[in-house]
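The structure appears right after this line, and notes come after that.
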Amino acid sequence: MNYWLFKSEPEEFSLDDLKNAKARRDHWDGVRNYQARNFMRSMKKGDQGFFYHSNCPEPGIVGIVEICREAYPDHTAFDPNDKHFDPKSDPENPRWFMVDVRYKRRLKRLISLQELKEYADSELAGLALVRRGNRLSVLPVSKPHWNFILKLER
DNA sequence: GCCAACGTTGGC
DNA sequence: GCCAACGTTGGC
């Protein structure tokens with residue numbers, strides 16, 4: 001099993017929005033970055049992910065989700081009225097993909113970016129999230145990093 | 001709202 | 001293939 005981290009602006013789509021969605025699951029659309037797309041295409045059903053709130057008063061990890069459907073074409077790229085429309089993505093040869101994720105649980109407390117950064121040069125060295133200038137919206141988390149972050153929760 | 005960091009685009 | 005211009009992300 002592999003581990004990931006999904007960023008979302010809570011004003012756009014929060015952990016609670018996912019929790020309140022039908023069957024507590026939804027598709028993760030709108031990713032328009034090749035590296036993030038490639039990560040999504042390598043996700044397997046059952047993989048786990050952190051749900052991270054970005055661009056908000058207290059950025060940090062708020063919950064855990066599970067991949068419940070593997071990558072398939074992101075249809076929002078074909079819709080001219082969609083915010084993430086990309087005329088270069090052809091339905092015959094889609095450029096962008098998405099996965100479905102299911103809400104698992106909320107963390108007992110928010111683990112802030114600030115707190116995670118304290119370990120950027122030790123336990124969490126190499127974690128893409130705490131590397132300077134990182135802008136990836138979907139990124140991998142190693143198993144040791146995953147376990148370490150879960151230990152911080154307590 | 002500012003701005004640093006980064007990815008993408010397109011002229012050459 | 002280089003690189004300047006531009007757009008976006010996201011912390012602060």
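Chain A is the first sequence line, chain B the second, and so forth, proteins listed ahead of strands; every chain is numbered from 1.
- Following rounding to the nearest Å, A:Glu9 (CD) and C:dG10 (P) show an atom-to-atom distance of 7 Å.
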Legend entry - CA sep, side-chain torsions, deciding dist, call: A:Glu12, A:Lys83, salt bridge (charged side-chain N to carboxylate O under 4.0 Å, His left out): CA-CA 12 Å; A:Glu12 297 287 328; A:Lys83 178 179 171 184; 3.4 Å; yes
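- Between A:Arg131 atom CZ and B:dG7 atom P the separation is 11 Å, expressed in whole Å.
- Among the protein residues, A:Leu129 comes within range of no part of the nucleic acid, since none of its heavy atoms lies under 4.0 Å from any strand.
- Considering only side-chain atoms of A:Tyr34, the nucleotide from B:dT8, C:dC12, C:dG10 that sits closest is B:dT8.
- Using bins of under 30°, 30° to 60° and over 60° for the plane-to-plane angle, the ring pair A:Trp28/A:Phe13 lands in the perpendicular bin.
- As a whole-Å value, the separation of A:Phe85 CZ from C:dG7 P is 18 Å.
- Note on A:Tyr52: every side-chain N or O is 4.0 Å or more away from OP1 and OP2 of C:dT9.
- Rounded to whole angstrom, the span from the CG atom of A:Asn134 across to the P atom of C:dC12 amounts to 13 Å.
- Distance, A:Arg37 CZ to B:dG7 C1': 14 Å, rounded to whole Å.
- Although no hydrogens or angles enter the test, the distance criterion places no donor-acceptor pair under 3.5 Å between the side chain of A:His84 and the main chain of A:Asp79.
- Nearest-nucleotide assignment on DNA chain B puts the 5′-proximal partner with A:Asn55, out of A:Asn55 and A:Gln35.
- The environment of CD in A:Glu115 is crowded: more than 12 heavy-atom neighbours from other residues, nucleotides or ligands sit within 6.0 Å.
- Checking the phosphate oxygens (OP1, OP2) of B:dA4, no side-chain nitrogen or oxygen of A:Arg132 falls inside 4.0 Å.
- The shortest distance between the side-chain N/O atoms of A:Lys88 and the OP1/OP2 oxygens of B:dT9 is below 4.0 Å.
- Residue A:Glu11 contributes atom CD, which lies 15 Å from atom P of C:dT9 at whole-angstrom precision.
- For A:Lys7 and C:dT9, the shortest distance from a side-chain N or O to OP1 or OP2 is not below 4.0 Å.
- Here C:dG10 is the nucleotide among B:dT8, C:dG10, C:dG11 with the atom lying nearest to any side-chain atom of A:Ser137.
- For the pair A:Lys83 NZ and C:dG7 P, the interatomic distance rounds to 17 Å; values are reported in whole Å.
- If you measure from atom CG of A:Leu110 to atom P of C:dG11, you get 12 Å, rounded to the nearest angstrom.
- Comparing A:Arg95 and A:Gly133 along DNA chain B, the residue whose closest nucleotide (by nearest heavy atom) sits nearer the 5' end is A:Gly133.
- Ring geometry, A:Tyr119 versus A:Phe148: the interplanar angle exceeds 60°, so the pair is classed perpendicular (tilted spans 30 to 60°).
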